[in-house]
Amino acid sequence: MINITFPDQTIRQYEAGVTPLEIARGISEGLARNVLAAEVHGEVRDLTRPIKTSASLRLLTWDDPEGKATMWHSSAHLMAEAIEHLFPGAKFGIGPDIENGFYYDIDLGDRVISEDDFARIEQTMLQFARENQHFNRREVSKDEALRFFGAKGDEYKLELIEDLQDGEITFYESGRFTDLCRGPHLPDTSFIRAVKILSVAGAYWRGDIKRKQLTRLYGITFPKKKELDEFLVQLEEARKRDHRRIGKDLELFTFSPQVGQGLPLWLPRGAQLRERLEQFLKKVQKEAGYLPVITPHIGNVELYKLSGHYQKYGQDSFRPISTPIEGEQFMLKPMNCPHHCEIYRYKPRSYRDLPLRLAEFGTVYRYEQSGELHGLTRVRGFTQDDAHIFCTPDQVKEEFIGVMDIVMKIFKALDFKDFITQISLRDKNNREKYIGTEENWERAEQAILEVAKDSGLNTVIEYGEAAFYGPKMDFLVRDALGRKWQLGTIQVDYNLPERFDLEYTGSDNEKHRPVMIHRAPFGSMERFVAVLIEHTAGKFPLWLAPDQVIILPVSEKFEKYALNIFKVLNNSEIRALVDERNEKIGRKIRDAEMNRIPYMLIVGEKEERENTVSVRKQGEGDLGSYAINAFIEKIDNEISEI
RNA sequence: GCCAAUGUAGCUCAGCUGGCCAGAGCAGCUGAUUUGUAAUCAGCCGGUCGGGGGUUCGAAUCCCUCCAUUGGCUCCA
């Protein structure tokens, strides 16, 4: 007999070799029908794999992330089986579960899969799923594995097997399909009741651009049809919040092929929104001791040779431009730091000058591959809310705290709660690839970790993700479709001070090397505004809204009164407009609602007589009658909350 | 850049396997209506069917090519 410990710490005894599925069945038939996988001793496993020794057990269902993952992983096999059936001779790369579903990389030879094939792939999958195919786990020797896929002619699996140790190789068989796989899997395919193939894309084998491009097919499955429908509705809702769509609807920005792809044109309303964000940050930075600087959009190639960026990124940048007579070469600036370094060293610096915080909304240009461009989130010309802090090594921590404060202030003002804080540190086994002294790195990494800990934020630590020049902390936010984008960043840099030979005179009257901190709380204005649009669905907080108030006269008779109100609001620096169109009030309200104008003031006979306004809030409805001063006070309060 | 797809009026879209002068709604303009909390009515204007080339008696529709966009891959100082 063995002891099985359940999550609630109860312990029950079973025969050795009992399977989690049998245990589930012993608890209730309903549970047995819903359980997808089991966590045994912290390892997620097949439900049908016997438990031989006493262990802790967690039965995983659709409500557990691991349950979903098992379902989707098995679904990837099911899809591969369908593909093999429909496209005989297809070869397979990898087919993992992902955050929302799964994919499989497939080599179809010269055949192609397009969206037209999705329906029959789905049908075939469902047909196979209904056969209740069991997933059978089998341990195989490396030889046997190689022979099997050798006979099949699947060079991708052979390559994967080559990297595995003999004795740790397992196959899973389900229906007509056998795959190299670690598992775990569902007991059988009957759990898969709803299937959707989502998209098809090219993906390089092992992510290597030099290797063959395979067809990557994305899909998702559910235990119930209803859940698939809900997922599709959610997807549709998310698409409505797409910043490209809202940006167009609200006339915030546009693109023109004439200007060039990836080069956004900010329309007046969008430009106002962006300026307001910039002003907000400028004010915060001024209070935090930043000094504004302004530098040109281009820089001599020699500058980037000095910084090292030319050697590293020159080939992937916009080509340099030349002067007509002298043939001097200039690059569109891909970042602001070299310019700022030059500002640092235009005169000798003393430790008394540090920390020196130079800030600039600097527009930079980077060549991004055409297929990579995406709305405002990935562009070729964008403006960073950049600043470089030059400080002594022992000021790093304090400066880091100061920057964190600014980032948090912004996130709070904009009600961003759902962000990921990622700390990128050195790869401990590969220290030679980093520049800077061991002592400084250690100090900076410790400082970042301490700051993160004190902040109370949930942080993810990634070893090996640090830049070669220093550790960093990034803030990631998801867009409407769940894709992660990096917004703010704080990076410690030991490299540029070295390359630019930056110095300061210490209290010991000796020369010392300063440390640089690159930081951009928004990241780029373009990307930040894009994410902001998707988070708010275009319903910006009052202080940011391009138009804050619209006055809606019930008929033309009350236009004069409306204009009076407009003047009063204008004098109070409230951004207002009057809808003077010859339309019914219902229509004016509808249009204002659609334009996401935060407040509507309806004025008619009653309001004119009583010298009031009837207030309606966007998305909420009628708030009743206000004296005009009371309304202004209300608005002012709302704005000063940030 | 690569794989797959898309591109019809300012916007959203219809136009099936090629065949009467290319349609609708919204927006815009004009007029009527003078309006009370999410679309008043009528008329008008508006399109080299992304650009170019080809097949055909005939192309928005089929083929080639270029451009742009979308979903991924790769990259991101």
Side-chain angles (χ1 to χ4, degrees), chain A residues 98 103 105-106 108 112-118 198-218 239 242 244-245 248-249 251 254-262 304 307-317 333-338 364 366-375 378 380 382 384 386 467-469 472 481 483 485-486 489 491 493 495-496 518 524 552-559 581-595 600-607 614-624:
Chain A
I98 52 176
Y103 67 77
D105 284 347
I106 310 151
L108 294 158
V112 294
I113 288 182
S114 77
E115 283 165 34
D116 301 336
D117 300 307
F118 288 5
L198 294 169
S199 64
V200 58
Y204 299 101
W205 172 234
R206 301 210 139 174
D208 185 346
I209 194 162
K210 291 186 200 75
R211 306 196 65 178
K212 181 157 183 178
Q213 189 164 52
L214 307 179
T215 302
R216 177 171 295 179
L217 202 55
Y218 288 87
R239 291 209 172 105
D242 190 313
R244 292 165 298 186
R245 182 187 201 91
K248 197 182 258 182
D249 284 352
E251 299 188 349
T254 188
F255 289 88
S256 152
Q258 293 296 326
V259 173
Q261 50 177 177
Y304 301 104
S307 72
H309 291 113
Y310 185 79
Q311 294 82 325
K312 195 160 159 56
Y313 297 104
Q315 286 311 306
D316 302 319
S317 299
K333 75 174 167 188
M335 81 305 276
N336 305 298
C337 24
V364 298
R366 296 179 185 177
Y367 172 76
E368 300 283 359
Q369 299 187 93
S370 58
E372 195 47 38
L373 299 171
H374 178 93
R378 177 70 104 260
R380 285 178 171 171
F382 58 95
Q384 295 178 312
D386 212 355
F468 74 92
Y469 52 79
K472 62 176 180 171
L481 292 175
R483 291 173 292 214
W485 296 99
Q486 182 198 304
T489 182
Q491 309 184 0
D493 185 352
N495 178 46
L496 282 184
H518 309 249
S524 95
L552 311 177
V554 168
S555 82
E556 283 177 10
K557 288 184 213 155
F558 311 105
E559 222 169 71
R581 292 176 306 165
N582 179 6
E583 291 290 350
K584 295 173 78 164
I585 191 67
R587 176 53 179 277
K588 293 182 183 180
I589 288 170
R590 180 184 153 80
D591 288 347
E593 288 276 351
M594 303 274 281
N595 285 325
M600 287 152 264
L601 301 183
I602 292 129
V603 296
E605 193 186 338
K606 176 169 164 282
E607 288 74 18
S614 184
V615 179
R616 182 188 166 102
K617 190 161 188 183
Q618 200 273 341
E620 290 179 27
D622 197 354
L623 300 186

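Throughout, protein chains are lettered first and strands after them, A, B, ... in sequence-line order, and every chain is numbered starting at 1. Just the heavy atoms: all of them, side chains too, but no hydrogens, waters or symmetry mates, feed the values below.
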Q. Is A/Q261 near enough to B/A68 that one of its side-chain N or O atoms lies under 4.0 angstrom from OP1 or OP2?
A. yes
Q.
Under a 3.5 Å threshold, yes or no: a donor from one side chain and an acceptor from the other, between A/T489 and A/Q491?
A. yes
(Q) Protein within reach of the bases, or only the backbone? For nucleotides 34-42 of chain B, mark each nucleotide 5' to 3' as B, S or -, using heavy atoms under 4.0 Å. (A) BBBBBBB--
Q) According to the Watson-Crick and G-U wobble definitions, with both distances under 3.5 Å, which nucleotide is paired to B/U35? A) none
Q.
With a cut-off of less than 4.0 Å, is there a side-chain N or O of A/R378 near OP1 or OP2 of B/U69?
A. no
Q) Side chains of A/F382 and A/V364: does their closest heavy-atom pair fall under 4.5 Å? A) yes
Q: Establish, with yes or no, whether the OP1 or OP2 oxygen of B/A4 is under 4.0 angstrom from a side-chain nitrogen or oxygen of A/S114.
A: no
Q. Taking a pair as Watson-Crick or G-U wobble with both distances under 3.5 Å, which nucleotide is matched to B/G71?
A. B/C3
Q. Do any side-chain nitrogens or oxygens of A/H374 fall under 4.0 Å of OP1 or OP2 in B/G71?
A. yes
Q | Nearest-neighbour nucleotide for the A/I209 side chain, B/A77, B/G1, B/C73 considered | A | B/G1
(Q) For B/C3 and A/R216 - does any side-chain N or O of the residue sit under 4.0 Å from the phosphate oxygens OP1/OP2? (A) no
Q: For the side chain of A/Y218, starting at C-beta, report the closest nucleotide among B/A77, B/G1, B/G72.
A: B/G72
Q) Does a side-chain N or O from A/Q369 land closer than 4.0 Å to OP1 or OP2 of B/C2, or not? A) no
Q: Could you tell me whether the side chain of A/E605 reaches within less than 4.5 Å of the side chain of A/V554, counting heavy atoms only?
A: no
Q | Counterpart base for B/G10, defined by Watson-Crick or G-U wobble contacts under 3.5 Å | A | B/C26
Q: Give the intermediate values and the outcome of side chain to side chain contact (heavy atoms under 4.5 Å, CB included) for residues A/K248 and A/F255.
A: CA-CA 10 Å; A/K248 197 182 258 182; A/F255 289 88; over 6 Å; no
